[in-house]
A.B. asks: 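A single structure is presented below for examination.
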Amino acid sequence: MDKWILIDGNSIANRAFYAMPPLTNSSGLHTNAVYGFTTMLLKLLEEEKPTHVLVAFDASKITFRHEGYSEYKGGRAKTPPELSEQFPVMKELLQSFGIAQFELSGYEADDIIGTLTRLADEQGVDALVVTGDKDMLQLVSPKVTVAVTRKGVSEVERYSPAEMTERYGLTPQQFIDLKGLMGDASDNIPGIPGVGEKTALKLLHEYGSVEGVLEHTHELKGKMKEKVEQHKDDAVMSKKLATIFREVPLTQTAEDIRYSGYDAARLSEAFRKLEFKSLLERLDLSGAGAGEAEGAQPAAELHTVLIAGEQDAGQLKALLDALASEEEHGLYIEAAGENPHTADMLGISAAVGGAVYALAAGTLEAPFAEPLRAWLADENKPKYGFDTHKADLALAWRGIPLRGVKFDVQLAAYLLDPTDGSQTLSGVAARYGLPAVQADEAVYGKGAKFKVPDEETLLRHLAVKADAVRRIVQLQRAELDATGMNKLIYELELPLSRVLAAMELQGIAVAKGELQSLGGELERGISEAVSRIYELAGTEFNINSPKQLGEILFDKLGLPVIKKTKTGYSTDADVLEKLEPYHEIVPLILHFRQLAKLQSTYVEGLLKEIRTETGKVHTYFRQTIAATGRLSSQFPNLQNIPIRLEEGRKIRKAFVPSEPGWYILAADYSQIELRVLAHISGDERLKEAFIRDMDIHTKTAMDVFGVSAEEVDSNMRRSAKAVNFGIVYGISDFGLSQNLNITRKEAAQFIEQYFDVFQGVKKYMEDIKMQARRDGYVTTLLERRRYLPDIKASNFNLRSFAERTAMNTPIQGTAADIIKLAMVRMDETLKERKLKSRMLLQVHDELVFEVPEEELELMKQLVPQVMESAIELDVPLRADVNYGVNWYEAK
DNA sequence: GACTTCACG
DNA sequence: ACGTACGTGAAGTCA
């Protein structure tokens, strides 16, 4: 039995906003209306178990009602910005819930709901309308119940026809007449002055309707007669205004508001963002949500073929026949665990033809599955998968190559919205409104509770996934085409994902002994620092605990508090540096921190990651994490190996070639981000500086301070360098002042002087912000896109953040595009020339190789050449190359 | 698991 | 007046 819930979004949001105490999350976003709305929604879903849910919103301020009466809703206070900023958040949250939302320009939420209740009446479906507005009572019918919020939002009063009679003695239709007579101050509907609820009810009980009253004005007496006669027209118009329009030309159908349960993982992520902790706890993450979906097309409707062992060899043949005769399919390979190098293989599934096939993990390596392995390895057999990068690695460690990947749903989802978090298949599927794919957390549990379910459950889950992949591929292809990202995915990101997998599989050799002896030195330094710190503190304590350290420094020793954190005193390096003159314990703590970091993260951490079989570490470059298009590196992170300070830089001595007599060769782009800025801003001065290959920070100092090259002192150059960094980050006077330890005024002056000189840069910064406001997103040179929903926020913090992001992302993102291009070219070049040299790492603007002696001279020339010619800009690209017997020496 | 700190570009 | 530089990952503490 279907049950619809129709929610008046604007009305409930308003109620919630005024009923709830002010509430903001840590970034200053107001969330009280969203919170109130959400609690109400959760309660409704739980208690009513609807099959269809819709939230309707008012689309615009001007509706058809204004055509006859321009003062409609006039005099109403403007929506406060604290509330209006919450609407986009609410709408996004509804998407996470998987709940439909309608709005249609020219109509109010009431009208949309009125139209749907008419459908409910016609189709004989039960509907519940939820609103804060009693006007909606006119929609009540035998099938339609209206729930009006009472104080707050969680308590409601329900009205069926019987309850209407009981409370008001009116039919739903008469409720319109009621408002016609008494008016409504909040909507600026006049009614008849002096007629309130009591009088209006009395009149209606007597004469039945506005028209009835007007026909019988002669029966009235005194003042009342006068008023009614005077305001006849007002009453008629008021009734008209109060009538909900029930014929809105909706293009959607009832099917579009079908609700099939929420994806708990996706929702919990949304709640985390909003910092709704109590609601997080209320979410049943153990397996409810999407899994319970009753309305959704169940997986059982798929023709699912489970292949558990050799006895199913016939089915496997059917799969391969289907794959041979039809290109369109969806492939899913399940590797459990975060690290693909150590992941367990759970199974593989493919949706093709009229069926979905799912194979248990063990069968993949069995002799009878050889034809499947051959298909996976065949470059000429196209594959359409999800996270094929991870699959590639997991398969490779089992000796099964994966080739011919032509599409990847995860990669596409990332390109279509790189900020959209985790890009899980269940999340992506939900966004496309597909039959529910259960969240992995719901199927496997998470963390310590991870458990593979029984084979049937597992294989059915995999089957649903392959089916979802097949469906999503078509949709994403069209979207990528529409957003101009075809080249980006097919010619850059997809080829790159194979290159990355090869680099990761290759790994980089780590000299364990080197690391251990470094560890020994660190150990001695640490224990010495510790005992001197205890001595100076007069007590032993946990120096690693910011809380305990704060107590010692600020309570016991009475040092001045420079900065506070959310939880107490701040003791970060910035603060400690300012405290150095006050007490000799401070530099010791800084020293201890430095050594402890090196020891725990880089010596012990790295040692744990060395594979005993190979003596190498194998990082996992993630291609779908960074919002700007950069890569990230995990298990271990090899993109943050120390270099700035000599003590830490020594760690690099442990990164060595994997073959005797080879070298580590590293090449890095010089000032790639500023060169990109010169190109996209077209600033003549900046371009000139790079065309002449000048020292950019010195040149900036010369221009900003108006001095000659000889007159630039180290301090001026340092300031200019900080300004250049600031420019790339989306400058603010506050940020620059923090960095240079100067006042905000001085920083603002620097920036002004900079913009005076580099006017093209100034114009770019203004233009890009405008573009972001106009389009809602910014792009890189290769059309990579990043949406900036907060660019129009009324909240200063949110908006400023979005503006800096608008300035930074095209720069950082284009630089990322360029080095990715270089990597794909480099891989091709090494293969074409049949070189033995191997690309091992990428560190944002640097590529690291291992090179045999006989290729050293060639590579010293080839690598910079490929990097510099990856793309043609209005300024030259430059790459510097170095080499040595280990990474430390390649400087 | 949230928070703080710090390593890199 | 608002309070942040952009983008990451990992380790440690503490509740």
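This structure is a prediction, so every number in the text was calculated from the model and none was measured. Order of the sequence lines sets the chain letters (A, B, ...), proteins ahead of strands, with each chain counted from 1.
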A.B. asks: Within the structure, does a side-chain N or O atom of Arg786(A) lie under 4.0 Å from either OP1 or OP2 of dG7(C)?
C.D. replies: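 For dG7(C), OP1/OP2 do have a side-chain N/O of Arg786(A) under 4.0 Å.
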A.B. asks: Pick base, sugar-phosphate or nothing for Glu673(A), based on heavy-atom distances below 4.0 Å to the nucleic acid.
C.D. replies: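 No contact.
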A.B. asks: Is it true that Arg652(A) and Glu646(A) make a salt bridge, defined as a side-chain N closer than 4.0 Å to a carboxylate O?
C.D. replies: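 Looking at Arg652(A) and Glu646(A), the cut-off is not met.
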A.B. asks: Taking the inter-plane angle between the rings of Phe450(A) and Tyr444(A) on a 0 to 90° scale, is it parallel (under 30°), tilted (30 to 60°) or perpendicular (over 60°)?
C.D. replies: parallel
A.B. asks: Choose from dC8(B), dA5(C), dG7(C) the nucleotide whose nearest atom is closest to any side-chain atom of Thr628(A).
C.D. replies: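 My answer, after comparing the listed nucleotides, is dG7(C).
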A.B. asks: Among the candidates dT4(C), dA10(C), dG7(C), find the nucleotide nearest to the side-chain atoms of Asp733(A).
C.D. replies: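 In terms of side-chain proximity for Asp733(A), the closest of dT4(C), dA10(C), dG7(C) is dT4(C).
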A.B. asks: For the side chain of Asn544(A), counting heavy atoms from C-beta on, which of dG12(C), dG9(B), dT5(B) is nearest?
C.D. replies: dG12(C)
A.B. asks: Would Arg744(A) and Phe734(A) count as a cation-pi pair here, with the cationic atom under 6.0 angstrom from the ring centre and within 45° of the axis?
C.D. replies: no
A.B. asks: Are the side chain of Thr31(A) and the backbone N or O of Tyr35(A) linked by a donor-acceptor pair below 3.5 Å?
C.D. replies: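 Not a single qualifying donor-acceptor pair exists.
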A.B. asks: Grab the CD-P distance between Gln548(A) and dG12(C) for me, whole Å please.
C.D. replies: 15 Å
A.B. asks: Using a cut-off of strictly less than 4.0 Å, decide whether Lys608(A) has a side-chain nitrogen or oxygen near OP1 or OP2 of dA10(C).
C.D. replies: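 For dA10(C), OP1/OP2 do not have a side-chain N/O of Lys608(A) under 4.0 Å.
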A.B. asks: With a cut-off of less than 4.0 Å, is there a side-chain N or O of Asn542(A) near OP1 or OP2 of dT13(C)?
C.D. replies: yes
A.B. asks: Between dT4(C), dA10(C), dG7(C), which nucleotide has the shortest distance from any of its atoms to the side chain of Gln812(A)?
C.D. replies: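 The answer is dG7(C).
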A.B. asks: Do any side-chain nitrogens or oxygens of Arg644(A) fall under 4.0 Å of OP1 or OP2 in dG9(B)?
C.D. replies: yes
A.B. asks: Indicate, with a heavy-atom threshold strictly under 4.0 Å, whether Ala747(A) touches base, sugar-phosphate, or nothing.
C.D. replies: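 If one applies the 4.0 Å heavy-atom cut-off, Ala747(A) turns out to touch nothing in the nucleic acid.
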A.B. asks: Taking the side chain of Asn797(A) as heavy atoms from C-beta outward, which of dC14(C), dC8(B), dG3(C) is closest to it?
C.D. replies: dG3(C)
A.B. asks: I want to verify a distance call: between dG9(C), dC6(C), dA5(C), whose nearest atom is closest to the Phe725(A) side chain?
C.D. replies: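 Closest nucleotide to the Phe725(A) side chain: dA5(C).
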A.B. asks: Select base, sugar-phosphate, or nothing to describe what Gly726(A) touches, counting heavy atoms under 4.0 Å on all strands.
C.D. replies: base
A.B. asks: Return no unless some side-chain N or O of Ser545(A) is found under 4.0 Å from OP1 or OP2 of dC14(C).
C.D. replies: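 True: Ser545(A) side-chain N/O within range (under 4.0 Å) of dC14(C) OP1/OP2.
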A.B. asks: Decide, applying a 5.5 Å centre-distance limit and a 30° plane-angle limit (both strict), whether Phe801(A) stacks on dT4(C).
C.D. replies: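 So Phe801(A) does not count as stacking on the base.
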A.B. asks: Mind checking Asn637(A) for me? I need base, sugar-phosphate or nothing, with any heavy atom below 4.0 Å counting as a touch.
C.D. replies: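 Sugar-phosphate, backbone atoms only, no base.
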A.B. asks: Rounding to an integer number of Å, can you tell me how far Leu590(A) CG sits from dA7(B) C1'?
C.D. replies: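 Spelled out: CG on Leu590(A) to C1' on dA7(B) is 15 Å.
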A.B. asks: Roughly how many Å apart are dT4(C) and dC3(B), using the P atom of each and rounding to a whole number?
C.D. replies: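 Taking atom P in both dC3(B) and dT4(C), they lie 14 Å apart.
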A.B. asks: Using a cut-off of less than 4.0 Å, is there contact between a side-chain N or O of Arg804(A) and OP1 or OP2 of dC6(C)?
C.D. replies: yes
A.B. asks: To the nearest Å, give me how far apart CG (Leu576(A)) and C1' (dT4(B)) are.
C.D. replies: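 Rounding to the nearest Å, CG of Leu576(A) and C1' of dT4(B) are 12 Å apart.
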A.B. asks: Under 4.0 Å between a side-chain N or O of Gln738(A) and OP1 or OP2 of dG3(C)?
C.D. replies: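 Answer is no, no contact under 4.0 Å.
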A.B. asks: Once you round it to whole Å, what is the distance between P of dT8(C) and CZ of Phe621(A)?
C.D. replies: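 That distance rounds to 16 Å.
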A.B. asks: Taking the nucleotide of DNA chain C with the closest heavy atom to each, which residue, Thr809(A) or Ser800(A), is nearer the 5' end?
C.D. replies: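 Counting from the 5' end, the first nearest nucleotide belongs to Ser800(A).
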A.B. asks: With respect to the phosphate group of dC3(B), does any side-chain polar atom (N or O) of Lys566(A) fall under 4.0 Å of OP1 or OP2?
C.D. replies: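 Yes, such a contact exists.
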A.B. asks: Please determine whether a side-chain nitrogen or oxygen atom of Thr601(A) lies at a distance below 4.0 Å from atom OP1 or OP2 of dA7(B).
C.D. replies: no
A.B. asks: Using a heavy-atom cut-off of under 4.0 Å over every strand shown, decide if Asn739(A) touches base, sugar-phosphate, or nothing.
C.D. replies: base
A.B. asks: May I ask you to say what Ala627(A) touches in the nucleic acid, namely base, sugar-phosphate or nothing, with a heavy-atom cut-off under 4.0 Å?
C.D. replies: sugar-phosphate
A.B. asks: Where the side chain of Ile731(A) is concerned, which of dA5(C), dT5(B), dT4(C) is the nearest nucleotide?
C.D. replies: dA5(C)
A.B. asks: Would you call Lys653(A) and Glu514(A) a salt bridge, taking side-chain N to carboxylate O under 4.0 Å as the test?
C.D. replies: no
A.B. asks: Please report the distance, rounded to the nearest Å, between CZ in Arg784(A) and C1' in dG7(C).
C.D. replies: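 It works out to 13 Å between those atoms.
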A.B. asks: Quick check: does any side chain N or O of Lys820(A) sit under 3.5 Å from a backbone N or O of Glu493(A), one acting as donor and the other as acceptor?
C.D. replies: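 Absent.
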A.B. asks: Checking all strands, does Ile643(A) fall into the base, sugar-phosphate, or nothing category for heavy-atom contacts under 4.0 angstrom?
C.D. replies: sugar-phosphate
A.B. asks: Atom CG of Asp817(A) to atom P of dG9(B): distance rounded to whole Å?
C.D. replies: 20 Å
A.B. asks: Hey, where does DNA chain C pair up into stems, meaning at least three consecutive Watson-Crick or G-U pairs with distances under 3.5 Å?
C.D. replies: B:1-9 with C:6-14
A.B. asks: How long is the line joining CG of Asp574(A) and P of dT4(C), in whole Å?
C.D. replies: 13 Å
A.B. asks: Counting N and O atoms only, with roles assigned by atom type, does the side chain of His618(A) sit under 3.5 Å from a partner on the main chain of Glu504(A), one being a donor and the other an acceptor?
C.D. replies: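 Looks like yes, one N/O pair under 3.5 Å.
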A.B. asks: Under 4.0 Å from OP1 or OP2 of dT4(B): is there any side-chain N or O of Thr567(A) that close?
C.D. replies: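 Yes, because at least one side-chain N or O of Thr567(A) sits under 4.0 Å from OP1 or OP2 of dT4(B).
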A.B. asks: Once you apply a heavy-atom cut-off of 4.0 Å, does Val728(A) come out as touching a base, just sugar-phosphate, or nothing?
C.D. replies: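 If one applies the 4.0 Å heavy-atom cut-off, Val728(A) turns out to touch nothing in the nucleic acid.
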A.B. asks: Base, sugar-phosphate, or nothing for Ala573(A), non-hydrogen atoms under 4.0 angstrom?
C.D. replies: sugar-phosphate
A.B. asks: How would you label the contact of Leu598(A) with the nucleic acid (heavy atoms, under 4.0 Å): base, sugar-phosphate, or nothing?
C.D. replies: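 Touches nothing.
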A.B. asks: Using whole Å, what does the distance between atom C1' of nucleotide dC14(C) and atom CD of Glu551(A) come to?
C.D. replies: 12 Å
A.B. asks: Could you give the distance separating dT4(B) and dA5(C) at their P atoms, to the nearest angstrom?
C.D. replies: 13 Å
A.B. asks: On DNA chain C, compare the nucleotides closest to Arg630(A) and Gln634(A); which residue's is nearer the 5' end?
C.D. replies: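 On the 5' side of the pair lies Arg630(A).
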A.B. asks: Check the surroundings of atom NZ in Lys721(A): do more than 12 heavy atoms from other residues, nucleotides or ligands lie under 6.0 Å from it?
C.D. replies: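 Atom NZ in Lys721(A) is not packed in, count stays at 12 or less.
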A.B. asks: Under the 3.5 angstrom rule, does the side chain of Asp683(A) hit a backbone N or O of Val761(A) as a donor-acceptor pair?
C.D. replies: yes
A.B. asks: Let me see the working for Phe621(A) and His389(A) under ring pair (Phe, Tyr, Trp, His ring centres under 6.0 Å), right down to the final yes or no.
C.D. replies: CA-CA 9 Å; Phe621(A) 286 112; His389(A) 180 178; 8.4 Å; no
A.B. asks: Ignoring hydrogens and angles, write down the donor-acceptor pairs under 3.5 Å from the side chains of residues 602-609 of chain A, residues two or more places apart or on other chains.
C.D. replies:
residue: Tyr602(A); atom: OH; partner: Asn640(A); partner atom: O; Å: 2.6
residue: Tyr602(A); atom: OH; partner: Asn640(A); partner atom: ND2; Å: 3.4

A.B. asks: Counting just side-chain N and O atoms, does Thr565(A) come under 4.0 Å of either OP1 or OP2 of dC3(B)?
C.D. replies: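 Indeed not, no polar side-chain atom of Thr565(A) lies that close.
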A.B. asks: May I ask you to evaluate whether Ser633(A) reaches the phosphate of dG9(C), defined as a side-chain N or O under 4.0 Å from OP1 or OP2?
C.D. replies: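 No, Ser633(A) has no side-chain N/O under 4.0 Å of OP1/OP2 on dG9(C).
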